[in-house]
Amino acid sequence: MQSEQPQATAGQQPIGSHCLPLNILRPSSQHFVELTKSPHPILHPHLCLCSSMAMAMARPCAFLLFFLVLFSYDGSGPGSSRRTRRSGVAQATQRVFLYPQAPKVSSIVSSKYRTAYHFQPPKNWINGPMYYNGIYHQFYQYNPNGSLWGNIVWAHSVSTDLVNWIRLAPAIERTTPSDINGCWTGSATILKSGRPAIIYTGADTEKRQVQNVAFPKNLSDPYLREWVKPHDNPVIQPVGRGLNPGQFRDPTTGWIGPDGLWRIAVGAEVDGHSAALLYESEDFVRWDRVDHPLYSSNASAMWECPDFFAAMPGENSGLDMSAAVPDGAKHVLKMSLDGSDKYMVGVYDLKGDAFVPDTVIEDRRLWSRIDYGNYYASKSFFDSKKGRRVIWGWTNETDSSSDDVAKGWAGIHAIPRTIWLDKDSKQLLQWPVEEIESLRGKQVRHQGLELRKGDLFEIKEIDTLQADVEIDFELTSIGSADPFDPSWLLDIEKQCREAGASAHGPFGLVVLASESMEEHTSVHFRVYYRSQEKHMVLMCADLRKSSLRPELYTPAYGGFFELDLEKEKTVVSLRTLIDRSAVESFGGGGRVCIMARVYPAALVDDGGTRMYAFNNGTSTVRVPRLEAWSMRRAQVNKG
């Protein structure tokens, strides 16, 4: 049923006399329109802009080497699953306001879209890092010849803080028959001798996917600039009943099995189904396939970039998989499929030498996700320097391939995140590594704000293109929440697109907004009733009005998390890192993470962008804490 919406007409007083009118909402040519069956309630046609003064007057207011190459080959090329979804999402897009379209949008070929503190190379296509003797090594898949996928080698950068990076020469190139057609995803392990070892997928002369090893040439070189490949390569070949030689890749970091031998898992398709095949070795060179997989599933055809690690429930410290795992630890198996990273929590059965999930869910749409946005092929490592597990993922561009060619670069990495398991062993939590806070500059702080229906509170005096924002939202009347429908979990993005305004939501943050608001990206929440003690929170990152540019993939990403009223009262937290074309958000203390790429024309134009906290729910939302910082530019691959 369509719901009628009021129109914002010229000179009309916005809701709430305590607020300043948003003049951008009042020209008579700009009427609210509805292009689908459900309204788009993120920004209300009667929004008002509140100054902090007005609101205050109105109310009281590792030693472990870690490698990540964050994408691997498939027959259609990386990113194909995302690009094929663009047209359908674009057709579902709805506009909040009908604005006159600019006769010409500035070119997307601009250095202003390059991120300031996310990892990316100077040019060309990437997707992917290591820690050894005080140095973090970022190995990543890289095309030295262009900004599209192909000609893949392992590029190499180093850092002491996970923030600033020095670019080195490529570490592994296509030089042998077993990797002549590409050096793809792999992992690194510190052997018992303290020597690092890399195992990676190569495409051989027959374009089969085989596994190769490489070792540093000179351990006295702190940067480990040179790596050598033994004559034993390939050390693992795609042999075995039902194994597809074109779907056999992405070996994991090694761990010690119950018999003292090294184990790795390799993503594979066996008899048309997905599997993490298990291999064992005494010396990390001669490998034998175990007669059963680490885990397999009939719910999908192929798992890319599997990751396997241990975690202690409720502790944000990490565990080293090359050492004995303590009693009470759980294990996590992560896999990349359907354009996203999903995971299961369970136990590593030492007797059976297999992973056993706590819960088997047949419908993979309901599997837990590392990130609900543009985030793929992640890899974790144990950082012995700080006793934590860190995960790092890749995010592609969401413009066109021709745009990438014109720009000369494509792909970045998300901010490295500390990752741990909640005390109930149900969910992974993530938070940006603390080192990123070293880039914080000028700060603004607000306390005791209230956002009534339709309120916009502008966050000023910081760099809105490069910012770190933390906000706590406090609900005032939780008892009036709309009921939660479990069927929404099957298509969360649809719920983000179609949900209407309710008592509790949407409320959140608007970033990278043009002065006229015809371009804006919103990160927001809606709260639903589930039980007397528990509510469900829907977190969305809505990109549908993020840019006036055509041919962009602009979905409304979303994920749910549980709000425990007894422990958390009624506070919903949000942290968002804005970095030009990257918007990376963490809701509920890291229970839902959403990485997004946006390309507003306003970022290139001289008008700049704006940032707001907002509420369009019918109930007032308090903001007991709002802190925002300008973020300085990191030194990333300048050499």
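If you're wondering where the values come from, they're calculated on a predicted model, not measured in any experiment.
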Check: Are any of the side-chain heavy atoms of Tyr117 and Ile415 separated by less than 4.5 Å?
Finding: yes
Check: Do Asp399 and Lys407 sit within salt-bridge range, that is, some charged N less than 4.0 Å from a carboxylate O?
Finding: yes
Checklist line | Residue pair Leu224 / Tyr132, side-chain heavy-atom distance below 4.5 Å | finding: yes
Margin query: The test is side chain to side chain donor-acceptor pair (under 3.5 Å); show your working for Gln211 and Thr201 and say whether it passes.
Written below: CA-CA 5 Å; Gln211 314 313 317; Thr201 298; 2.7 Å; yes
Item checked: Verdict with supporting geometry, Ile594 and Val523, side chain to side chain contact (heavy atoms under 4.5 Å, CB included) -> CA-CA 9 Å; Ile594 302 178; Val523 183; 6.0 Å; no
Item checked: Heavy-atom side-chain proximity of Lys334 to Asp341 below 4.5 angstrom -> yes
Checklist line | Residues Arg249, Glu304: salt bridge by 4.0 Å N-O rule | finding: yes
Note to self: Let me confirm one number: the OH-CE distance from Tyr372 to Met539, rounded to the nearest 0.5 Å.
What the structure shows: 11.0 Å
Checklist line | Approximate separation, where rounding is to 0.5 Å, of Thr395 OG1 and Glu584 CD | finding: 8.5 Å
Notebook entry, point to check: Would you call Arg364-Asp338 a salt bridge at under 4.0 Å N-O?
Noted result: yes
Next item on the list: Would you check, one step at a time, whether the test side chain to side chain donor-acceptor pair (under 3.5 Å) holds for Asp404 with Ser401?
Entry: CA-CA 5 Å; Asp404 294 344; Ser401 297; 5.1 Å; no
Note to self: I'd like to know whether Gln427 forms a side chain to side chain donor-acceptor pair (under 3.5 Å) with Arg591, so could you lay out the CA-CA distance, the side-chain angles of the two residues, the decisive distance to 0.1 Å, and finally the verdict.
What the structure shows: CA-CA 7 Å; Gln427 184 174 22; Arg591 279 171 285 183; 5.2 Å; no
Notebook entry, point to check: Any donor and acceptor pair, going by atom type alone, linking the side chain of Asn212 with main-chain N or O of Asn233 inside 3.5 Å?
Noted result: no
Check: Counting N and O atoms only, with roles assigned by atom type, does the side chain of Gln466 sit under 3.5 Å from a partner on the main chain of Met631, one being a donor and the other an acceptor?
Finding: yes
Next item on the list: Decide, yes or no, whether a salt bridge links Asp179 with Arg174 under the criterion of side-chain N to carboxylate O below 4.0 Å.
Entry: no
Check: Going by atom types alone, do Ser546 and Thr554 pair a side-chain donor with an acceptor below 3.5 Å?
Finding: no
Notebook entry, point to check: Hey, does Tyr599 have a side-chain heavy atom less than 4.5 Å from the side chain of Thr398?
Noted result: yes
Checklist line | Any donor-acceptor N/O pair, Asp250 side chain to Gly267 backbone, under 3.5 Å | finding: no
Notebook entry, point to check: Does Trp420 reach the side chain of Arg389, with side-chain heavy atoms less than 4.5 Å apart?
Noted result: no
Checklist line | Trp392 (side chain) donor-acceptor with Ala414 (main chain) under 3.5 angstrom | finding: yes
Checklist line | Residue pair Cys496 / Gly558: nearest heavy atoms and the distance that separates them | finding: SG-CA, 3.5 Å
Checklist line | Exam field: side chain Arg369 to backbone Ser340, donor-acceptor pair closer than 3.5 Å | finding: no
Notebook entry, point to check: ring-ring contact (aromatic ring centres under 6.0 Å, His included) with His156: which of Tyr223, Tyr140, Phe139, Trp227?
Noted result: Phe139
Margin query: Give me the atom names and distance for the closest heavy-atom approach of Leu577 to Pro432.
Written below: CD1-CG, 3.9 Å
Notebook entry, point to check: Just how far is it from atom CG of Asp468 to atom OG of Ser630, taken to the nearest 0.5 Å?
Noted result: 10.5 Å
Next item on the list: Decide, yes or no, whether a salt bridge links Arg610 with Glu515 under the criterion of side-chain N to carboxylate O below 4.0 Å.
Entry: yes
Note to self: Does atom NZ (Lys217) have a neighbourhood of more than 12 heavy atoms from anything else shown, all under 6.0 Å?
What the structure shows: no
Checklist line | Considering all heavy atoms, the nearest Cys593-Ile370 contact | finding: CB-O, 4.1 Å
Next item on the list: Any chance you could measure Ile172, atom CD1, to Ile198, atom CD1, to the nearest 0.5 Å?
Entry: 4.5 Å
Item checked: Main-chain N/O of Tyr113 paired with Ser110 side-chain donor or acceptor, under 3.5 Å -> no
Notebook entry, point to check: Would a 4.5 Å heavy-atom cut-off, applied to side chains only, mark Trp184 and Tyr200 as touching?
Noted result: no
Margin query: Check whether Asp307 reaches the backbone of Ser380 with its side chain - one donor and one acceptor, N or O, closer than 3.5 Å.
Written below: yes
Next item on the list: Walk me through it: do Met595 and Arg597 pass the test side chain to side chain contact (heavy atoms under 4.5 Å, CB included)?
Entry: CA-CA 7 Å; Met595 178 72 190; Arg597 303 298 305 283; 4.2 Å; yes
Next item on the list: Tell me whether the guanidinium CZ or amine NZ of Arg417 lies under 6.0 angstrom from the six-membered ring centre of Tyr375 and within 45° of its axis.
Entry: yes
Note to self: Could you check whether Arg440 pairs with Glu470 (Lys NZ or Arg NE/NH1/NH2 to Asp/Glu carboxylate O, under 4.0 Å)?
What the structure shows: yes
Next item on the list: Of all the heavy-atom pairs spanning Ala265 and Pro306, show the shortest one and how long it is.
Entry: O-CG, 4.4 Å
Next item on the list: I would like to know whether Thr609 and Thr464 meet side chain to side chain donor-acceptor pair (under 3.5 Å); could you show each step before the answer?
Entry: CA-CA 6 Å; Thr609 64; Thr464 57; 2.9 Å; yes
Checklist line | Non-hydrogen side-chain atoms of Leu574 and Ser585 separated by less than 4.5 Å | finding: yes
Checklist line | Non-hydrogen atoms of Trp629 and Gly441 that approach each other most closely | finding: CD1-O, 3.8 Å
Next item on the list: Go through the side-chain N and O atoms of Ser157 and Asn637 and say whether any donor and acceptor fall under 3.5 Å apart.
Entry: yes
Margin query: Main chain of Ile152, side chain of Asn143: is a donor-acceptor contact present, judged purely on distance under 3.5 Å?
Written below: no
Item checked: Any side-chain heavy-atom pair of Tyr136 and Trp165 under 4.5 Å -> yes
Notebook entry, point to check: Relative to the ring of Trp303, is the ring of Trp367 parallel (under 30°), tilted (30 to 60°) or perpendicular (over 60°)?
Noted result: perpendicular
Check: How many angstroms lie between atom OG1 of Thr115 and atom CD of Gln120, to the nearest 0.5 angstrom?
Finding: 3.5 Å
Next item on the list: Report yes or no: do Lys342 and Ser368 form a side-chain donor-acceptor pair below 3.5 Å?
Entry: no
Notebook entry, point to check: Lys545 and Glu519: salt bridge (charged side-chain N to carboxylate O under 4.0 Å, His left out), yes or no, with the steps?
Noted result: CA-CA 5 Å; Lys545 287 181 60 64; Glu519 290 183 315; over 6 Å; no
Check: Can you tell me if Ser159 uses its side chain to pair, donor with acceptor, with the backbone of Asp161 under 3.5 Å?
Finding: yes
Checklist line | No-hydrogen, no-angle side-chain donor-acceptor test under 3.5 Å, Thr185 and Gln141 | finding: yes
Notebook entry, point to check: Would you say the side-chain atoms of Thr189 pair up with the backbone N or O of Gly254, donor to acceptor, closer than 3.5 Å?
Noted result: yes
Next item on the list: Evaluate the salt bridge (charged side-chain N to carboxylate O under 4.0 Å, His left out) criterion for residues Glu435 and Lys385: first the C-alpha distance (whole Å), next the side-chain angles of each, then the deciding distance (0.1 Å), finally the verdict.
Entry: CA-CA 13 Å; Glu435 289 90 337; Lys385 178 182 179 181; 5.7 Å; no
Next item on the list: Could you tell me which non-hydrogen atom of Ile462 sits nearest to which non-hydrogen atom of Ile459, and how far apart they are?
Entry: CD1-CG2, 4.3 Å
Note to self: Under a 3.5 Å cutoff, is there a donor and acceptor pairing between the side chains of Asp204 and Asn181?
What the structure shows: no
Checklist line | Separation between CD1 of Ile419 and CH2 of Trp431, rounded to the nearest 0.5 Å | finding: 14.0 Å
Checklist line | Pairing of Glu434 and Lys386 as salt bridge, 4.0 angstrom limit | finding: yes
